[in-house]
Amino acid sequence: MTRPRWSKQQALDLFAKPFNDLLFQAQTVHREHFDPNAVQVSTLLSIKTGACPEDCKYCSQSARYDTGLERERLLPLDEVRTAARRAREKGASRFCMGAAWRNPTDTQLERVIDMVRVVKETGMEACVTLGMLQPQQATRLKEAGLDYYNHNIDTSAEFYDQVITTRSIDDRLETLDHVRDAGINVCSGGILGMGESREDRASFLTTLANLERAPESVPLNMLVRIPGTPMADVPALDPIEFIRTIAVARILMPSSHVRLSAGREGLSEAIQAWCFFAGANSIFYGEKLLTTENADAAADEAMFEKLGLTPLIPDGCQLDEPADSKPASVSA
């Protein structure tokens with residue numbers, strides 16, 4: 001059966017629905033494909049921070065902006081191992097690692113591959129975001145056991161050059177093709193509240209939905225306005241519009257996990273509850289998301305209990321065994 005392709009107008013028509021009707025449709029779609037009370041939990045660690053040559057106008061890690069962020073080298077393997085085990089103990093089923101590179105060298109990639117293997121030894125899924133990849137690099141990551149590769153398209157093709165000029169959206173889509181061709185699950189989403197229009201949000205979502213295969217994971221970030229970046233003073237997006245975007249993403253990509261990502265610490269518990277009702281079923285869990293603050297872990301546990309939500313354990317995860325039950329095959 002051919003998967004339907006969505007037009008921007010169809011997405012705009014969804015955005016324009018009465019709020020109750022839109023959420024009812026999104027919740028109906030959500031229940032057809034997922035347990036409505038199960039949420040996939042990921043933890044994100046910055047393994048190499050700062051000095052990125054890209055000019056993404058929202059990013060504290062760009063070398064072009066004075067944000068007070070200290071440049072750091074690639075983390076030692078033992079620190080990654082410790083962080084991964086701690087994340088697993090706190091309930092994460094996927095461990096994501098991010099490096100501030102435009103594209104990794106083959107030497108850098110081999111060091112990250114050691115980290116992927118360490119994460120896999122814990123029984124968790126492994127995800128990395130390293131910038132643009134060549135086909136052979138994607139293949140090496142697949143051979144190492146990588147489950148997901150994150151490469152966000154960030155926004156619509158029409159708005160893209162208002163956010164980034166050092167690479168194009170086509171560059172990003174090419175990397176997603178390499179990841180998909182290598183047999184790795186795709187994680188790709190974007191940032192809301194950068195000054196884009198509703199038309200841009202509709203275009204952004206349809207670009208993802210109309211990929212040959214929609215991403216398995218779609219992180220939706222609310223812009224964190226960081227002093228020193230060109231987007232430090234962009235007006236905040238209305239939370240109701242953010243919820244609408246979650247709902248439209250759920251309808252356009254019914255089988256994808258839609259993740260509440262950066263900016264969640266600025267959303268009230270009530271707004272987050274509406275996001276879950278609208279079809280969000282994944283979160284980042286932990287104190288930091290690369291360089292920005294994240295929601296408090298204890299508060300998340302309390303919210304899950306209040307809402308009757310439970311962490312999802314994906315197929316293939318081995319979280320019923322102790323994290324150190326398997327001998328480490330990679331030395332620091």
How would you list, by chain and number, every residue that makes a salt bridge (Lys or Arg N to Asp or Glu O under 4.0 Å) with [X], sequence neighbours excluded?
X      : answer
Glu79  : none
Arg111 : none
Arg167 : Glu54

With heavy-atom distances below 4.5 Å as the criterion, would you say the side chains of [X] and [Y] are in contact?
X      : Y      : value
Val39  : Phe304 : yes
Glu125 : Asn185 : no
Phe15  : Glu241 : yes
Ile243 : Phe277 : no
Gln10  : Leu14  : no
Leu74  : Gln108 : no
Phe284 : Cys96  : yes
Leu12  : Arg198 : yes

Inter- and intrachain pairs under salt bridge (charged side-chain N to carboxylate O under 4.0 Å, His left out), touching [range], at least two apart:
range            : answer
residues 126-152 : Glu110-Arg140, Lys120-Asp147, Arg140-Glu143
residues 11-22   : none
residues 302-311 : Glu269-Lys306
residues 224-237 : none

Got a sec, which residues hit ring pair (Phe, Tyr, Trp, His ring centres under 6.0 Å) with [X], two or more places apart in sequence or on another chain?
X      : value
Trp101 : none
Phe34  : His30, His257
Phe24  : none

Worked check of side-chain contact (heavy atoms from CB on, under 4.5 Å) between Val248 and Trp6 | CA-CA 11 Å; Val248 174; Trp6 296 91; over 6 Å; no

Do any N or O atoms from the side chain of Asn281 and from the backbone of Val258 form a donor-acceptor pair under 3.5 angstrom?
->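 A pair under 3.5 Å: yes.
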
Within residues 119-151 or reaching into it, pairs that qualify as ring-ring contact (aromatic ring centres under 6.0 Å, His included) - sequence neighbours excluded =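 Found none.
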
Check this for me: does any side-chain nitrogen of one of [X] and [Y] sit under 4.0 Å from a carboxylate oxygen of the other?
X      : Y      : result
Glu196 : Arg201 : yes
Arg264 : Asp300 : yes
Arg85  : Glu121 : no

Nearest 0.5 Å please: distance from the CG atom of Leu267 over to the CE atom of Met222.
->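 Between atom CG of Leu267 and atom CE of Met222 there are 5.0 Å.
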
Rounded to the nearest 0.5 Å, how far apart are CG of Leu312 and OG of Ser93?
->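 These two atoms lie 6.5 Å from each other.
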
Can Arg244 be said to sit on top of Phe19's aromatic six-ring, NZ or CZ under 6.0 Å from centre and within 45° of the ring axis?
->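 No, Arg244 does not lie over the aromatic ring of Phe19.
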
Determine which pairs satisfy side-chain hydrogen bond (donor to acceptor under 3.5 Å, both in side chains) with at least one residue from residues 152-162, sequence neighbours left out, and list them in order.
->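 Matches after skipping sequence neighbours: Tyr58-Asp154, Asn150-Asn152, Asp154-Arg172, Ser156-Glu158, Ser156-Asp200, Glu158-Ser203, Tyr160-Arg172.
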
Can you tell which of Thr129, Val119, Leu75 makes a side chain to side chain contact (heavy atoms under 4.5 Å, CB included) with Met97?
->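 With Met97 as partner, Thr129, Val119, Leu75 yield a single side chain to side chain contact (heavy atoms under 4.5 Å, CB included), made by Val119.
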
